[in-house]
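A quick write-up on the structure given underneath.
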Protein chains: 2
Amino acid sequence: MKYIEIYEDIKNKILNGEYVAWKNLESESVLSQKYSVSRMTLRQAINKLKTEGYVHSRQGGNMYINPPEFYRNKLLQSLSEKEKNVTSKIISFEKILGTKEICEIFNRTKDSIFYKYERIRLIDSIPRMYELTYIPEELFPNFNEEVLKGSMLGYIEKKCGYKISHDLGKIQGILLDKKLAKYLKSKENQVALQIEHKVYLYKSVLAEYTKEIDISNTFDIAIVR
Amino acid sequence: MKYIEIYEDIKNKILNGEYVAWKNLESESVLSQKYSVSRMTLRQAINKLKTEGYVHSRQGGNMYINPPEFYRNKLLQSLSEKEKNVTSKIISFEKILGTKEICEIFNRTKDSIFYKYERIRLIDSIPRMYELTYIPEELFPNFNEEVLKGSMLGYIEKKCGYKISHDLGKIQGILLDKKLAKYLKSKENQVALQIEHKVYLYKSVLAEYTKEIDISNTFDIAIVR
DNA sequence: TGACATTTGTCCGTATGTATA
DNA sequence: CTATACATACGGACAAATGTC
């Protein structure tokens with residue numbers, strides 16, 4: 001897939017500073033010659049860069065490189081992709097019979113089996129978020145505690161070969177209770193963000209339901225027109 | 001622009017229930033014949049529908065209609081587009097000399113003039129959010145209090161003819177202070193969401209800076225892969 | 001202010017690749 | 001294995017907006 005390679009190449013040049021924020025990109029015709037592809041193929045790469053917030057353009061004008069705050073922090077991006085030195089501390093891990101509520105969320109029959117786990121995610125060894133996750137056993141028959149050391153999104157896509165279609169998020173402010181405060185080494189009644197994720201595969205099959213409590217109390221998001 | 005018309009047509013059919021969620025769409029070749037356009041043009045319409053979360057597809061499979069929770073609630077969408085019966089109560093409206101902080105946010109010289117206003121946004125006459133907004137006078141020379149009855153985003157795009165490029169959002173949980181609690185007819189120390197918006201035009205010119213306090217304490221977001 | 005070259009946006013037709021069912 | 005459907009790629013043409021002279 002040529003356009004993906006071009007997309008990756010330009011993206012990397014933006015990330016490592018070869019292309020500088022606010023400056024303009026070469027024109028489409030120049031770039032298409034440089035990469036030896038048709039203009040339409042190049043435009044596909046540009047399109048992907050645009051929807052992910054790396055560049056922007058306007059009819060008649062040039063294409064411009066966006067600064068980092070325009071493309072950092074996407075919802076459907078694991079913590080380990082956003083931050084370095086991410087480690088996990090597993091609090092619980094069980095195979096359970098789904099409660100009525102969980103079965104309804106996953107749109108599955110009453111006797112469905114789920115994996116349920118809780119973990120603390122640390123950045124530079126400092127607790128950053130608490131995570132409670134449910135996944136259906138049927139989709140992940142070989143799931144085990146070992147996976148929890150890394151990224152769940154990576155496991156779904158790379159190890160299992162599933163393709164993620166959507167992530168539905170719900171963000172709310174909450175006050176830490178005693179249990180959470182202890183886990184996150186913070187104080188009771190501290191304000192934090194709770195982010196619910198519903199990660200869907202093709203045909204809207206729910207693959208993962210996660211509730212995160214983030215003590216950084218900040219969620220950045222960029223929307224591109 | 002043919003593809004925009006096709007996009008609008010399909011979008012409307014999804015919104016009014018002619019196309020039912022979870023069901024599949026006609027194939028690209030059928031649709032392109034139906035609308036009498038080339039397949040590439042149709043794909044442009046489909047692409048827009050996809051990035052906005054209305055449909056999803058997979059190579060070799062069919063295209064499927066998404067349920068409402070996949071496409072509702074985008075950041076760069078005014079409250080009046082999300083909800084019906086939105087009214088505004090203006091608390092303050094002034095023309096000010098920008099403080100150091102505001103001038104820095106807008107990347108403007110120290111003696112720049114800004115409009116500053118506060119308003120309460122009500123849904124069905126019930127207070128929903130408090131809003132504090134700054135806009136540079138230079139970009140909006142004809143700005144006046146009348147505009148505040150409606151949507152600021154609509155004013156920027158429709159009345160002024162500017163094109164919005166990005167919205168950078170920062171979401172945080174906060175506790176209502178006495179003043180906010182009074183305005184929002186709520187209680188002090190109630191948890192709410194604070195959403196900062198930075199609305200950019202082409203070439204990354206900051207057009208609007210807004211701080212919203214939303215007592216619904218919920219922000220939904222859908223991300224499409 | 002106005003004319004012009006440049007650049008991105010839109011559209012078409014065709015061909016081939018590849019995953020799905 | 002086969003037919004179907006979406007994905008990728010090419011090349012050409014014109015429209016529309018921008019920036020410049």
Side-chain angles (χ1 to χ4, degrees), chain A residues 1-10 19 22-51 54-66 157-158 160-166 201-205 224-225, chain B residues 1-10 19 22-51 54-66 157-158 160-166 201-205 224-225:
Chain A
M1 288 176 301
K2 289 187 187 177
Y3 87 94
I4 292 287
E5 284 166 27
I6 298 169
Y7 153 80
E8 298 275 3
D9 190 57
I10 297 177
Y19 282 132
W22 315 107
K23 292 274 182 182
N24 58 312
L25 216 53
E26 296 105 305
S27 75
E28 291 178 355
S29 56
V30 170
L31 286 173
S32 60
Q33 279 172 37
K34 187 170 148 187
Y35 289 105
S36 308
V37 293
S38 73
R39 187 170 157 237
M40 290 311 286
T41 302
L42 179 95
R43 275 177 70 80
Q44 253 190 296
I46 298 292
N47 237 313
K48 195 166 167 64
L49 290 165
K50 273 187 203 166
T51 58
Y54 291 98
V55 303
H56 71 277
S57 70
R58 190 178 187 176
Q59 188 171 147
N62 291 311
M63 295 189 289
Y64 288 87
I65 315 288
N66 289 328
E157 294 201 300
K158 281 161 200 157
C160 303
Y162 289 126
K163 277 183 190 164
I164 293 173
S165 166
H166 300 84
L201 309 179
Y202 182 59
K203 285 189 186 172
S204 306
V205 172
V224 185
R225 258 285 156 88
Chain B
M1 288 177 302
K2 289 188 188 177
Y3 86 94
I4 291 289
E5 283 167 27
I6 298 170
Y7 154 80
E8 297 276 1
D9 190 57
I10 297 177
Y19 282 131
W22 317 105
K23 292 275 183 181
N24 59 311
L25 215 54
E26 296 104 306
S27 76
E28 290 180 354
S29 56
V30 170
L31 286 172
S32 60
Q33 280 174 37
K34 187 169 149 189
Y35 288 105
S36 308
V37 293
S38 76
R39 199 173 142 238
M40 289 311 289
T41 302
L42 180 95
R43 275 178 70 79
Q44 256 189 295
I46 298 293
N47 238 312
K48 196 166 168 61
L49 290 166
K50 272 188 204 168
T51 58
Y54 292 99
V55 304
H56 70 277
S57 70
R58 189 180 188 178
Q59 187 170 149
N62 289 312
M63 296 189 288
Y64 287 87
I65 315 288
N66 289 328
E157 294 202 300
K158 281 160 199 157
C160 303
Y162 290 126
K163 277 184 191 165
I164 293 173
S165 166
H166 300 84
L201 309 179
Y202 182 59
K203 285 189 184 171
S204 307
V205 173
V224 185
R225 260 284 157 90

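Numbers restart at 1 for each chain; the letters A, B, ... are given by sequence-line order, proteins then strands.
Put simply, NZ on K23(B) and CG on N62(B) are 12.0 Å apart, with the number rounded to the nearest 0.5 Å. Taken from CD1 in I6(A) to CD in Q44(A), the straight-line distance is 9.5 Å, to the nearest 0.5 Å.
No side-chain heavy atom of R58(A) sits less than 4.5 Å from a side-chain heavy atom of S165(B).
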Query raised in the report: Should M63(A) and L31(A) be marked as a side chain to side chain contact (heavy atoms under 4.5 Å, CB included) after you check the CA-CA gap, both sets of side-chain angles, and the distance that decides it?
Result: CA-CA 12 Å; M63(A) 295 189 289; L31(A) 286 173; 4.2 Å; yes
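With sequence neighbours left out, the side chain to side chain donor-acceptor pair (under 3.5 Å) criterion links E28(A) to R39(A), R43(A). Remark: Y3(A) pairs with no residue by the side chain to side chain donor-acceptor pair (under 3.5 Å) rule, at least two apart or across chains. Listed by chain and residue number, K13(A), Y35(A) satisfy the side chain to side chain contact (heavy atoms under 4.5 Å, CB included) test with D9(A) (two or more places apart in sequence, or in another chain). Every salt bridge (charged side-chain N to carboxylate O under 4.0 Å, His left out) that E26(B) has, sequence neighbours left out, goes to K34(B). Checked against salt bridge (charged side-chain N to carboxylate O under 4.0 Å, His left out), K50(B) has no partners two or more places apart in sequence or in another chain. Remark: T41(B) pairs with S38(B) by the side chain to side chain donor-acceptor pair (under 3.5 Å) rule, at least two apart or across chains. Looking at residues two or more places apart in sequence or on another chain, you find a ring-ring contact (aromatic ring centres under 6.0 Å, His included) between Y162(A) and F140(A).
Taking the C1' atoms of five terminal pairs at each end of the helix from dG2(C)-dC21(D) to dA21(C)-dT2(D), the two resulting helix axes are inclined by 20°, rounded to 10°.
The minimum heavy-atom distance between H166(A) and N66(B), with the atom names listed, is NE2-ND2, 3.2 Å. Of all the heavy atoms in V37(B) and L42(B), the pair that sits closest is CG2-N, 4.0 Å.
Atoms CG (L42(A)) and P (dT7(C)) sit 14 Å apart, rounded to a whole Å. If you take CE of M63(A) and P of dT7(C), they are 10 Å apart, rounded to a whole angstrom.
If you check residues 23-30 of chain A against DNA chain D, you find no residue with a heavy atom closer than 4.0 Å.
Remark: K50(A) is in phosphate contact with dG9(C), judged by side-chain N or O atoms under 4.0 Å from OP1 or OP2.
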Query raised in the report: Reading nucleotides 14-21 of chain C from the 5' end, what letters show protein touch, with B for base, S for backbone sugar-phosphate only, - for no heavy atom under 4.0 Å?
Result: -B-BBBSS
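The nucleotide range of DNA chain D contacted by chain A, defined by atoms under 4.0 angstrom from heavy atoms of the protein and reported 5' to 3', is dT8(D) to dT18(D).
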